[in-house]
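Report on one structure; see the data block that follows.
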Protein chains: 2
Amino acid sequence: MAGRSQRKTADPVTSPPLADFKVGVDNVIFSVDTAQNRLLVLLVMRQEDPFLGHWSFPGTLVQQGESLEDAAYRILSEKIRVRNLYLEQLYTFGGPDRDPREAADSYGVRYLSVSYFALVRFAEAELIADGVSGIAWYPVDQVPQLAFDHNRILEYGHRRLRNKLEYSPVAFEVLPELFTLSDLYQLYTTVLGDGFSDYSNFRSRLLKLGFLEDTGIKVSRGAGRPASLYRFDAEAFAPFKDKPLVFI
Amino acid sequence: MAGRSQRKTADPVTSPPLADFKVGVDNVIFSVDTAQNRLLVLLVMRQEDPFLGHWSFPGTLVQQGESLEDAAYRILSEKIRVRNLYLEQLYTFGGPDRDPREAADSYGVRYLSVSYFALVRFAEAELIADGVSGIAWYPVDQVPQLAFDHNRILEYGHRRLRNKLEYSPVAFEVLPELFTLSDLYQLYTTVLGDGFSDYSNFRSRLLKLGFLEDTGIKVSRGAGRPASLYRFDAEAFAPFKDKPLVFI
DNA sequence: GTATTTTTGGTTTTTTTGACTATAATTAGG
DNA sequence: CCTAATTATAGTCAAAAAAACCAAAAATAC
């Protein structure tokens, strides 16, 4: 109640009082486990109030001189070691009353969250469990009640994943370097539902485009004929950039 | 240089100093003038420092107790009277050094901008010119040097417009209530370029889908056979929601 | 050793696209 | 008033793509 926020009623001519913000960055990090065929998100257990002991997305407050993206990379690299990373801004949540600290803080400081959307390869991602802090991959359909408005952020992230999967080759950012065509097909079906072409047509259209390189390596997973491992060829994909993905 | 920002080197154990933010909202408002066949964006002349006298997007700083979207609607309704409005969040720009006030302010306050993307109907949009303030529609390809990083924001907005035109029926948010098929086709060509089907095929595929209602009203614009005015039928469009737009 | 499962490589039918032609209804200009 | 130019509209037809379907190969399961 003290300090600058009291200027609100001081003078009716001057503009109404501005809000003061702290800005946080939260990362929605997706991956897929091709062995179990599950879509995963990374959650961490909060170590501090508010929401101590609740699961949440890895986040941090932005420091002086630090850009939003820098903050996103910083918190990400504290939680996970990866070789490859896809990262883009997701959405900004900034309504009043989205953070309990606002009520507690006598200055009336607001807390705004700029969320980021990230994709990593499951096998290449090494989680950093520092002591007591919990960190774990959760199947997206089994995510518990999260801290803050993070369940809503997850909805945004999930929708973005669906859209990006349809319109750009991000599938190859979450799949392992080498993958079978079944892996790819199952990723699409689990995320997008099975409203598109059957496996056979999916295969033939995809291979005709010519940006998947057959390594010749065969892998056998349970029953059935062994599958070839494929590799995504980014150069060969270039002509299809900015065009709709025709194989789904 | 004074005050809290000096805590950075005070104690290596406590966390580094957080940035304090003011949060602004900037609206990128598009429209089309079907008579002139031009894509327009709304600019206002800045009345204050910094960048006094420069063109910029209508923006404001977020007030206490106000949500981001509320702020976007507030500044929009101060500049323009509209019956219909499409509005969604665009992107958040928050790097250090994006606002000259940061350097001037001894507290080291950061200025973050949450941009919003809006579409209005040209004929229904009444600009509010209050006294000396400049306000005008600019063709997007003739936008001058803008204040802050607003030229970059325009790029984001323009890209978003292209994407949304391809994947959702936002065309009918910028076109007049009643429009000819040429109006629609020309909107697509001016925004997307003419890399898609010719006018004849565009017409037949579009009409076959059945969500454009022919009012029977004929309008004559210069030479040539008069065209029918059509109306977008949102209910009839419902089945195509979330599906790719096949007529472009 | 036989059945089952999964990958792989096709064929055929249907639908959609793209290129093109023709006609109708207006204005422009002499 | 007559003719040419212009724009809207309607439709055909071949090529391409999509969807549905079929069958063999190569492994595991039992």
Side-chain angles (χ1 to χ4, degrees), chain A residues 34-37 166-167 171 175-176 178-190 192-231 239-240 243-248, chain B residues 34-37 166-167 171 175-176 178-190 192-231 239-240 243-248:
Chain A
T34 49
Q36 308 249 7
N37 191 34
E166 284 187 88
Y167 299 128
L175 284 180
L178 301 181
F179 52 88
T180 70
L181 292 182
S182 291
D183 290 339
L184 185 60
Y185 184 70
Q186 297 203 17
L187 170 59
Y188 275 102
T189 49
T190 56
L192 259 42
D194 42 12
F196 53 96
S197 54
D198 70 349
Y199 182 45
S200 191
N201 291 326
F202 176 83
R203 280 176 50 85
S204 48
R205 264 178 295 178
L206 198 45
L207 292 176
K208 196 164 56 183
L209 297 175
F211 56 77
L212 289 189
E213 180 197 344
D214 188 344
T215 63
I217 307 168
K218 305 288 181 186
V219 286
S220 204
R221 301 221 257 264
R225 177 173 172 171
S228 250
L229 286 178
Y230 286 82
R231 176 187 288 120
F240 304 100
K243 289 180 186 169
L245 256 47
V246 292
F247 54 85
I248 59 159
Chain B
T34 50
Q36 309 250 6
N37 191 33
E166 285 188 87
Y167 299 129
L175 285 180
L178 301 181
F179 53 89
T180 70
L181 292 183
S182 290
D183 290 340
L184 184 61
Y185 184 69
Q186 297 204 17
L187 169 60
Y188 275 101
T189 48
T190 55
L192 260 42
D194 43 11
F196 54 93
S197 54
D198 70 348
Y199 181 45
S200 190
N201 292 326
F202 176 82
R203 281 175 50 85
S204 48
R205 266 178 294 177
L206 198 45
L207 292 176
K208 196 164 58 181
L209 298 176
F211 56 77
L212 290 190
E213 180 197 345
D214 188 344
T215 63
I217 307 169
K218 304 289 181 184
V219 287
S220 204
R221 300 221 259 264
R225 175 173 173 173
S228 250
L229 287 178
Y230 286 82
R231 176 187 287 121
F240 304 97
K243 287 180 186 169
L245 256 46
V246 292
F247 54 86
I248 59 156

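What you see is a predicted model; the values in this text were computed from it and never measured. Residue numbers begin at 1 in each chain, while the letters A, B, ... track the order of the sequences.
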Once rounded to the nearest 0.5 Å, what's the spacing between atom CG of Leu178(A) and atom OG of Ser228(A)? 10.5 Å
Value in whole Å for how far the P atom of dT7(D) lies from CG of Asn37(B): 12 Å
Whole-Å gap separating P (dA8(D)) and CZ (Phe179(B)): 14 Å
Contact class for Ser228(A) (heavy atom, under 4.0 Å): base, sugar-phosphate, or nothing? sugar-phosphate
Tyr230(A) vs Leu207(A) side-chain heavy atoms within contact, under 4.5 Å: yes
Between P on dA25(C) and NZ on Lys218(B), what's the gap in Å once rounded to a whole number? 9 Å
One would report the end-axis bend of the helix from dG1(C)-dC30(D) to dG30(C)-dC1(D), five pairs per end and rounded to 10 degrees, as 20°
Figure out the CG/P separation between Leu181(B) and dA25(C), and round it to whole Å. 17 Å
Thr180(A) side chain near Tyr185(A) side chain, heavy-atom distance below 4.5 Å: no
Nearest-angstrom distance from the residue atom OH of Tyr199(A) to P of dT5(C): 17 Å
Approximate separation, where rounding is to 0.5 Å, of Gln186(A) CD and Asn37(A) CG: 4.0 Å
Rounded to the nearest Å, what distance is computed from the CD1 atom of residue Ile248(A) to the C1' atom of nucleotide dA19(D)? 15 Å
Between Leu245(B) and Tyr188(B), is any pair of side-chain heavy atoms under 4.5 Å apart? yes
In the structure I gave you, are the side-chain heavy atoms of Ser197(A) and Phe247(A) within less than 4.5 Å of one another anywhere? no
Looking at CZ of Arg221(A) and OG1 of Thr34(A), how far apart are the two atoms once the value is rounded to the nearest 0.5 Å? 5.5 Å
Just the rounded figure in Å: distance from C1' of dC13(D) to CG of Asp198(B). 14 Å
So do Leu212(A) and Leu184(A) actually touch side chain to side chain, heavy atoms under 4.5 Å? yes
For DNA chain D, what residues of residues 200-211 of chain B have any heavy atom nearer than 4.0 Å? Ser200(B), Arg203(B)
Nucleotide dA8(D), atom P - distance to CZ of Arg225(B) in whole Å: 10 Å
Straight-line distance of Ser204(B) OG to Leu209(B) CG, nearest 0.5 Å: 10.0 Å
